[in-house]
Amino acid sequence: MASSFPIPVRALVFSAAAILLSGIAKDPALAGASGPFLAHQALYELKLVKSRGSNAINGARGRILYNFSGSACEGYTSEFRQVSELDSGEGRMTLSDLRSHSWEDADGKSYRFKIDTRMNDTDSAPVDGVAERVGDRITVKLKQPVTKTFELDGKVVFPTEQIQHIIAAARAGKSVLELMVYDGSDNGEKVYNTLTVIGKPIPGTLSIASPDPSTDNDQMKTLTRWPVTVSYYDRDAKAKEGEQTPVYAMSFELFENGVSRALVLDYNDFVIAGAMGRFDVRDSKPCK
(Lines give C-alpha, C1' and ligand atoms only; values in the text may rest on other atoms or scores of the structure.)
Protein backbone atom coordinates (compact mmCIF):
# COMPACT_ATOMS: atom_id res chain seq x y z
CA MET A 1 0.00 0.00 0.00
CA ALA A 2 1.48 3.34 -1.01
CA SER A 3 1.12 6.72 0.65
CA SER A 4 1.41 10.21 -0.78
CA PHE A 5 4.85 10.66 0.72
CA PRO A 6 7.81 8.29 1.26
CA ILE A 7 7.25 7.15 4.84
CA PRO A 8 6.75 3.40 5.44
CA VAL A 9 3.15 2.40 6.01
CA ARG A 10 4.26 0.30 8.96
CA ALA A 11 5.55 3.49 10.54
CA LEU A 12 2.34 5.35 9.80
CA VAL A 13 0.23 2.89 11.75
CA PHE A 14 2.84 2.22 14.47
CA SER A 15 1.77 -1.43 14.32
CA ALA A 16 4.81 -2.65 16.21
CA ALA A 17 2.97 -1.80 19.40
CA ALA A 18 0.65 -4.72 18.84
CA ILE A 19 3.58 -7.10 19.11
CA LEU A 20 4.76 -5.88 22.47
CA LEU A 21 1.63 -5.34 24.52
CA SER A 22 1.03 -8.95 25.50
CA GLY A 23 2.81 -11.97 26.94
CA ILE A 24 1.89 -15.55 27.66
CA ALA A 25 3.85 -18.30 29.43
CA LYS A 26 3.82 -21.36 27.14
CA ASP A 27 7.06 -23.30 27.55
CA PRO A 28 6.94 -25.04 30.96
CA ALA A 29 10.60 -24.21 31.55
CA LEU A 30 9.87 -20.54 31.03
CA ALA A 31 6.46 -20.48 32.67
CA GLY A 32 7.95 -20.77 36.12
CA ALA A 33 10.34 -17.93 35.36
CA SER A 34 7.79 -15.50 33.99
CA GLY A 35 4.70 -16.37 36.03
CA PRO A 36 1.07 -15.68 35.11
CA PHE A 37 0.15 -12.86 32.74
CA LEU A 38 -2.55 -10.35 33.39
CA ALA A 39 -5.83 -10.03 31.47
CA HIS A 40 -6.27 -6.31 30.95
CA GLN A 41 -7.32 -3.38 28.77
CA ALA A 42 -4.96 -0.47 28.19
CA LEU A 43 -5.31 2.84 26.35
CA TYR A 44 -2.19 4.61 25.09
CA GLU A 45 -2.07 8.25 23.91
CA LEU A 46 0.39 8.79 21.05
CA LYS A 47 2.28 11.97 20.26
CA LEU A 48 5.32 13.09 18.28
CA VAL A 49 8.42 13.67 20.40
CA LYS A 50 11.13 14.03 17.73
CA SER A 51 11.39 14.52 13.97
CA ARG A 52 14.61 14.18 12.01
CA GLY A 53 16.12 13.13 8.69
CA SER A 54 14.98 13.66 5.11
CA ASN A 55 11.40 12.55 5.84
CA ALA A 56 10.87 14.76 8.89
CA ILE A 57 7.23 15.37 9.81
CA ASN A 58 5.42 18.24 11.52
CA GLY A 59 3.17 16.32 13.85
CA ALA A 60 1.66 12.99 14.85
CA ARG A 61 -1.01 11.94 17.30
CA GLY A 62 -3.27 8.98 17.95
CA ARG A 63 -4.52 6.31 20.31
CA ILE A 64 -3.98 2.61 20.85
CA LEU A 65 -6.66 0.53 22.57
CA TYR A 66 -5.47 -2.94 23.55
CA ASN A 67 -7.39 -5.87 25.08
CA PHE A 68 -5.81 -9.08 26.27
CA SER A 69 -7.76 -12.07 27.63
CA GLY A 70 -7.80 -15.86 27.88
CA SER A 71 -6.21 -18.69 29.83
CA ALA A 72 -3.79 -21.56 29.41
CA CYS A 73 -6.78 -23.87 28.77
CA GLU A 74 -8.63 -21.88 26.13
CA GLY A 75 -5.74 -19.98 24.58
CA TYR A 76 -5.11 -16.25 24.57
CA THR A 77 -6.76 -13.49 22.57
CA SER A 78 -5.29 -10.08 21.73
CA GLU A 79 -7.44 -7.30 20.24
CA PHE A 80 -5.78 -4.11 19.12
CA ARG A 81 -6.98 -0.92 17.49
CA GLN A 82 -4.96 2.14 16.62
CA VAL A 83 -6.18 5.35 15.05
CA SER A 84 -3.44 7.82 14.19
CA GLU A 85 -2.89 11.02 12.23
CA LEU A 86 0.40 12.06 10.64
CA ASP A 87 1.10 15.60 9.41
CA SER A 88 3.86 15.75 6.80
CA GLY A 89 3.49 19.49 6.18
CA GLU A 90 1.95 21.64 3.46
CA GLY A 91 -1.51 20.36 4.33
CA ARG A 92 -0.68 16.71 3.75
CA MET A 93 -2.38 14.59 6.42
CA THR A 94 -2.51 10.81 6.64
CA LEU A 95 -5.19 9.20 8.79
CA SER A 96 -4.80 5.49 9.52
CA ASP A 97 -7.03 3.00 11.30
CA LEU A 98 -5.44 -0.34 12.18
CA ARG A 99 -7.40 -3.25 13.68
CA SER A 100 -5.78 -6.51 14.66
CA HIS A 101 -7.18 -9.68 16.21
CA SER A 102 -5.03 -12.68 17.10
CA TRP A 103 -5.20 -15.90 19.09
CA GLU A 104 -2.44 -18.21 20.34
CA ASP A 105 -2.73 -21.51 22.08
CA ALA A 106 -0.86 -21.92 25.36
CA ASP A 107 1.78 -24.25 23.89
CA GLY A 108 2.84 -21.88 21.12
CA LYS A 109 1.83 -24.40 18.47
CA SER A 110 -0.91 -22.37 16.77
CA TYR A 111 -1.32 -18.69 15.93
CA ARG A 112 -4.32 -17.17 14.16
CA PHE A 113 -4.35 -13.56 13.02
CA LYS A 114 -6.36 -11.01 11.09
CA ILE A 115 -5.20 -7.45 10.42
CA ASP A 116 -7.27 -4.73 8.71
CA THR A 117 -5.86 -1.33 7.81
CA ARG A 118 -7.52 1.76 6.39
CA MET A 119 -5.46 4.69 5.13
CA ASN A 120 -7.30 7.95 4.44
CA ASP A 121 -10.62 6.03 4.25
CA THR A 122 -9.20 3.73 1.58
CA ASP A 123 -9.56 0.01 2.27
CA SER A 124 -6.60 -2.27 1.87
CA ALA A 125 -6.60 -6.04 1.52
CA PRO A 126 -6.74 -7.53 5.01
CA VAL A 127 -4.16 -10.05 6.14
CA ASP A 128 -5.82 -13.26 7.38
CA GLY A 129 -4.12 -16.53 8.17
CA VAL A 130 -2.99 -19.22 10.59
CA ALA A 131 0.45 -20.53 11.53
CA GLU A 132 0.91 -24.07 12.88
CA ARG A 133 4.09 -25.35 14.50
CA VAL A 134 4.85 -29.01 13.70
CA GLY A 135 8.22 -30.43 14.66
CA ASP A 136 11.02 -28.11 13.59
CA ARG A 137 8.94 -26.20 11.01
CA ILE A 138 6.06 -23.71 11.03
CA THR A 139 3.47 -23.91 8.26
CA VAL A 140 1.66 -20.65 7.45
CA LYS A 141 -1.62 -20.74 5.51
CA LEU A 142 -2.81 -17.35 4.27
CA LYS A 143 -6.38 -16.67 3.18
CA GLN A 144 -5.68 -12.99 2.40
CA PRO A 145 -4.28 -10.90 0.79
CA VAL A 146 -3.65 -13.97 -1.39
CA THR A 147 -4.20 -17.67 -0.84
CA LYS A 148 -0.76 -19.08 -0.11
CA THR A 149 0.98 -21.73 1.99
CA PHE A 150 4.64 -21.53 3.00
CA GLU A 151 7.00 -22.70 5.73
CA LEU A 152 9.12 -20.91 8.32
CA ASP A 153 12.03 -22.04 10.45
CA GLY A 154 10.76 -23.59 13.69
CA LYS A 155 13.04 -21.24 15.66
CA VAL A 156 10.75 -18.33 14.70
CA VAL A 157 8.58 -17.20 17.62
CA PHE A 158 5.10 -15.69 17.69
CA PRO A 159 4.39 -12.31 19.35
CA THR A 160 3.40 -13.57 22.79
CA GLU A 161 6.30 -16.01 22.81
CA GLN A 162 8.60 -13.07 22.17
CA ILE A 163 7.52 -11.26 25.33
CA GLN A 164 7.62 -14.46 27.32
CA HIS A 165 11.25 -15.01 26.28
CA ILE A 166 12.15 -11.39 27.10
CA ILE A 167 10.76 -11.71 30.63
CA ALA A 168 12.51 -15.04 31.18
CA ALA A 169 15.80 -13.52 29.97
CA ALA A 170 15.31 -10.48 32.22
CA ARG A 171 14.68 -12.70 35.26
CA ALA A 172 17.82 -14.66 34.43
CA GLY A 173 19.87 -11.44 34.44
CA LYS A 174 20.55 -11.43 30.69
CA SER A 175 20.95 -8.10 28.94
CA VAL A 176 20.78 -9.14 25.26
CA LEU A 177 18.38 -11.46 23.41
CA GLU A 178 18.10 -12.26 19.70
CA LEU A 179 14.91 -13.73 18.24
CA MET A 180 13.22 -14.19 14.87
CA VAL A 181 9.61 -13.00 15.12
CA TYR A 182 6.54 -13.65 12.96
CA ASP A 183 3.31 -11.73 13.67
CA GLY A 184 1.47 -11.81 10.32
CA SER A 185 2.04 -8.12 9.61
CA ASP A 186 2.76 -6.42 6.27
CA ASN A 187 1.64 -8.94 3.60
CA GLY A 188 1.59 -11.88 6.01
CA GLU A 189 4.96 -13.18 4.85
CA LYS A 190 7.40 -10.98 6.78
CA VAL A 191 9.78 -12.35 9.42
CA TYR A 192 11.84 -9.92 11.48
CA ASN A 193 15.18 -10.44 13.15
CA THR A 194 15.05 -8.73 16.53
CA LEU A 195 17.69 -7.60 18.99
CA THR A 196 16.46 -6.95 22.53
CA VAL A 197 18.46 -4.99 25.09
CA ILE A 198 17.26 -5.37 28.69
CA GLY A 199 18.13 -2.89 31.42
CA LYS A 200 18.43 -3.34 35.17
CA PRO A 201 15.26 -4.33 37.04
CA ILE A 202 13.11 -1.56 38.50
CA PRO A 203 11.52 -2.67 41.79
CA GLY A 204 7.88 -1.77 42.33
CA THR A 205 8.81 -0.06 45.59
CA LEU A 206 10.93 2.53 43.80
CA SER A 207 9.30 5.96 43.50
CA ILE A 208 8.47 7.02 39.94
CA ALA A 209 8.74 10.51 38.49
CA SER A 210 5.92 10.08 35.96
CA PRO A 211 3.28 7.67 37.32
CA ASP A 212 0.42 6.42 35.17
CA PRO A 213 -2.64 4.18 35.73
CA SER A 214 -0.48 1.03 35.66
CA THR A 215 1.94 2.18 38.35
CA ASP A 216 -0.97 3.48 40.46
CA ASN A 217 -2.87 0.17 40.25
CA ASP A 218 -2.85 -1.86 43.49
CA GLN A 219 -2.11 -5.11 41.63
CA MET A 220 0.88 -3.54 39.87
CA LYS A 221 2.55 -1.49 42.61
CA THR A 222 4.75 -4.28 43.94
CA LEU A 223 5.74 -5.79 40.59
CA THR A 224 9.21 -5.64 39.08
CA ARG A 225 9.60 -4.15 35.62
CA TRP A 226 12.51 -3.77 33.21
CA PRO A 227 13.47 -1.09 30.67
CA VAL A 228 13.56 -2.85 27.30
CA THR A 229 14.51 -1.81 23.77
CA VAL A 230 13.70 -4.08 20.84
CA SER A 231 15.14 -3.31 17.39
CA TYR A 232 13.46 -4.86 14.33
CA TYR A 233 15.48 -5.75 11.24
CA ASP A 234 14.30 -6.92 7.82
CA ARG A 235 15.53 -10.50 7.71
CA ASP A 236 15.41 -10.68 3.90
CA ALA A 237 17.48 -7.53 3.46
CA LYS A 238 20.29 -8.73 5.73
CA ALA A 239 21.77 -11.15 3.23
CA LYS A 240 21.73 -8.52 0.49
CA GLU A 241 23.11 -5.49 2.32
CA GLY A 242 25.29 -6.81 5.14
CA GLU A 243 25.24 -4.50 8.15
CA GLN A 244 21.79 -3.00 8.71
CA THR A 245 20.06 -0.25 10.57
CA PRO A 246 16.76 -1.33 12.15
CA VAL A 247 13.49 -0.75 10.33
CA TYR A 248 12.25 0.59 13.66
CA ALA A 249 12.97 0.23 17.37
CA MET A 250 10.67 0.21 20.34
CA SER A 251 11.47 1.03 23.96
CA PHE A 252 9.17 0.42 26.91
CA GLU A 253 9.03 -0.69 30.53
CA LEU A 254 7.87 -4.30 30.79
CA PHE A 255 6.22 -5.58 33.96
CA GLU A 256 6.74 -9.20 35.00
CA ASN A 257 3.03 -9.88 34.27
CA GLY A 258 3.31 -8.81 30.62
CA VAL A 259 1.94 -5.25 30.86
CA SER A 260 3.91 -2.52 29.05
CA ARG A 261 4.13 1.18 29.88
CA ALA A 262 6.07 4.25 28.65
CA LEU A 263 6.19 3.25 24.97
CA VAL A 264 8.64 4.95 22.60
CA LEU A 265 8.63 4.00 18.90
CA ASP A 266 11.61 5.12 16.84
CA TYR A 267 11.10 5.04 13.05
CA ASN A 268 14.43 6.69 12.22
CA ASP A 269 12.87 9.83 10.70
CA PHE A 270 10.58 10.43 13.68
CA VAL A 271 9.91 9.19 17.20
CA ILE A 272 6.47 8.56 18.74
CA ALA A 273 5.75 8.27 22.47
CA GLY A 274 2.80 6.32 23.88
CA ALA A 275 1.73 7.27 27.41
CA MET A 276 -0.77 5.04 29.19
CA GLY A 277 -4.00 6.97 29.70
CA ARG A 278 -6.18 4.19 31.09
CA PHE A 279 -5.61 0.75 32.56
CA ASP A 280 -8.23 -1.80 33.63
CA VAL A 281 -7.67 -5.28 35.01
CA ARG A 282 -10.00 -7.88 33.49
CA ASP A 283 -11.43 -11.02 35.09
CA SER A 284 -9.73 -14.22 34.01
CA LYS A 285 -11.22 -17.71 34.23
CA PRO A 286 -8.80 -20.19 35.81
CA CYS A 287 -8.25 -23.59 34.25
CA LYS A 288 -10.47 -26.30 35.76
Side-chain angles (χ1 to χ4, degrees), residues 13-28 30-31 34-44 63-83 97-118 126-133 138-144 152 156-168 179 181-186 188 190 213-214 217 219-220 250 252 254-261 263 274 276-288:
V13 297
F14 319 137
S15 60
I19 302 171
L20 294 170
L21 300 178
S22 64
I24 321 304
K26 302 181 193 65
D27 188 311
L30 294 174
S34 57
F37 285 77
L38 187 69
H40 65 283
Q41 182 184 80
L43 177 70
Y44 299 84
R63 282 185 172 184
I64 292 172
L65 180 63
Y66 177 75
N67 282 284
F68 169 73
S69 61
S71 70
C73 301
E74 64 187 23
Y76 300 91
T77 299
S78 298
E79 295 178 308
F80 170 94
R81 184 178 183 185
Q82 178 183 314
V83 178
D97 186 348
L98 172 73
R99 304 184 190 203
S100 174
H101 184 281
S102 64
W103 176 89
E104 290 187 40
D105 77 335
D107 296 323
K109 294 182 179 179
S110 182
Y111 173 57
R112 298 198 301 261
F113 53 91
K114 186 172 183 179
I115 304 169
D116 291 295
T117 305
R118 291 187 178 187
V127 179
D128 188 355
V130 60
E132 302 282 352
R133 189 188 306 273
I138 295 173
T139 299
V140 180
K141 296 181 180 180
L142 292 178
K143 298 178 183 178
Q144 292 177 291
L152 301 175
V156 169
V157 301
F158 301 136
T160 50
E161 287 182 289
Q162 179 189 18
I163 292 300
Q164 176 220 342
H165 280 285
I166 292 173
I167 292 176
L179 294 169
V181 178
Y182 176 79
D183 70 331
S185 62
D186 296 318
K190 180 73 71 175
S214 68
N217 183 276
Q219 291 183 237
M220 306 288 289
M250 186 175 192
F252 53 101
L254 179 62
F255 286 92
E256 57 188 306
N257 65 356
V259 175
S260 298
R261 69 175 299 273
L263 310 177
M276 185 180 287
R278 193 177 77 232
F279 177 77
D280 298 303
V281 176
R282 300 302 195 193
D283 292 334
S284 181
K285 295 181 181 179
C287 293
K288 296 181 180 180

**Prompt:** Is any side-chain heavy atom of Val281 closer than 4.5 Å to a side-chain heavy atom of Met220?
**Reply:** no

**Prompt:** Quick one: side chain to side chain contact (heavy atoms under 4.5 Å, CB included) partners of Val83, sequence neighbours excluded?
**Reply:** Arg81, Leu95, Asp97

**Asked** Do you know which two heavy atoms are closest between Pro126 and Asp116, and how far apart they sit?
**Response** CB-OD1, 2.7 Å

**Heavy-atom closest pair, residues Pro213 and Gly277** = CG-O, 3.6 Å

**Request:** For residues Val140 and Ala131, report the shortest heavy-atom separation together with the two atoms involved.
**Result:** CG2-CB, 4.0 Å

**Separation of Thr117 OG1 from Leu98 CG (nearest 0.5 Å)** = 4.5 Å

**Request:** Please round to the nearest 0.5 Å and tell me the distance separating atom CD1 of Ile167 and atom CD of Gln162.
**Result:** 11.0 Å

**Message:** Taking ring pair (Phe, Tyr, Trp, His ring centres under 6.0 Å) as the definition, give me every residue that meets it alongside Phe255, ordered by chain and number, with sequence neighbours left out.
**Reply:** none

**Request:** Check whether any side-chain heavy atom of Gln41 sits under 4.5 Å from a side-chain heavy atom of Arg278, and report yes or no.
**Result:** yes

**Request:** Compare every heavy atom of Met276 with every heavy atom of Ala42, then report the nearest pair and how far apart it is.
**Result:** CB-CE, 4.3 Å

**Asked** Shortest non-hydrogen contact from Ile115 to Ser100?
**Response** CG1-OG, 3.9 Å

**Message:** Between Glu79 and Thr77, is there a side-chain heavy-atom distance shorter than 4.5 Å?
**Reply:** yes

**Prompt:** Is there a side-chain contact between Val130 and Ser110 (heavy atoms, below 4.5 Å)?
**Reply:** yes

**Request:** Rounded to the nearest 0.5 Å, what's the gap from CD on Glu132 to CG on Asp105? Could you check?
**Result:** 8.0 Å

**Request:** State, yes or no, whether a side-chain contact exists between Tyr44 and Leu263 at a heavy-atom distance under 4.5 Å.
**Result:** yes

**Sequence-distant partners of Tyr111, ring pair (Phe, Tyr, Trp, His ring centres under 6.0 Å), two or more places apart** = Phe113, Phe158

**Asked** Residues in salt bridge (Lys or Arg N to Asp or Glu O under 4.0 Å) with Lys114, at least two apart?
**Response** none

**Prompt:** So do the side chains of Tyr76 and Thr160 get within less than 4.5 Å of each other, counting heavy atoms only?
**Reply:** no

**Fill in**
Taking every heavy atom of Leu254 against every heavy atom of Ser260, the minimum-distance pair comes out as CD1-OG, 3.7 Å

**Set of salt bridge (Lys or Arg N to Asp or Glu O under 4.0 Å) partners for Arg282, sequence neighbours left out** = none

**Asked** Which residues pass the salt bridge (Lys or Arg N to Asp or Glu O under 4.0 Å) test with Arg112, sequence neighbours left out?
**Response** none

**Request:** With rounding to the nearest 0.5 Å, note down the distance linking CG in Asn257 to NE2 in His40.
**Result:** 8.0 Å

**Request:** Determine, stepwise, if the pair Tyr182 / Ile138 fulfils side chain to side chain contact (heavy atoms under 4.5 Å, CB included).
**Result:** CA-CA 10 Å; Tyr182 176 79; Ile138 295 173; over 6 Å; no

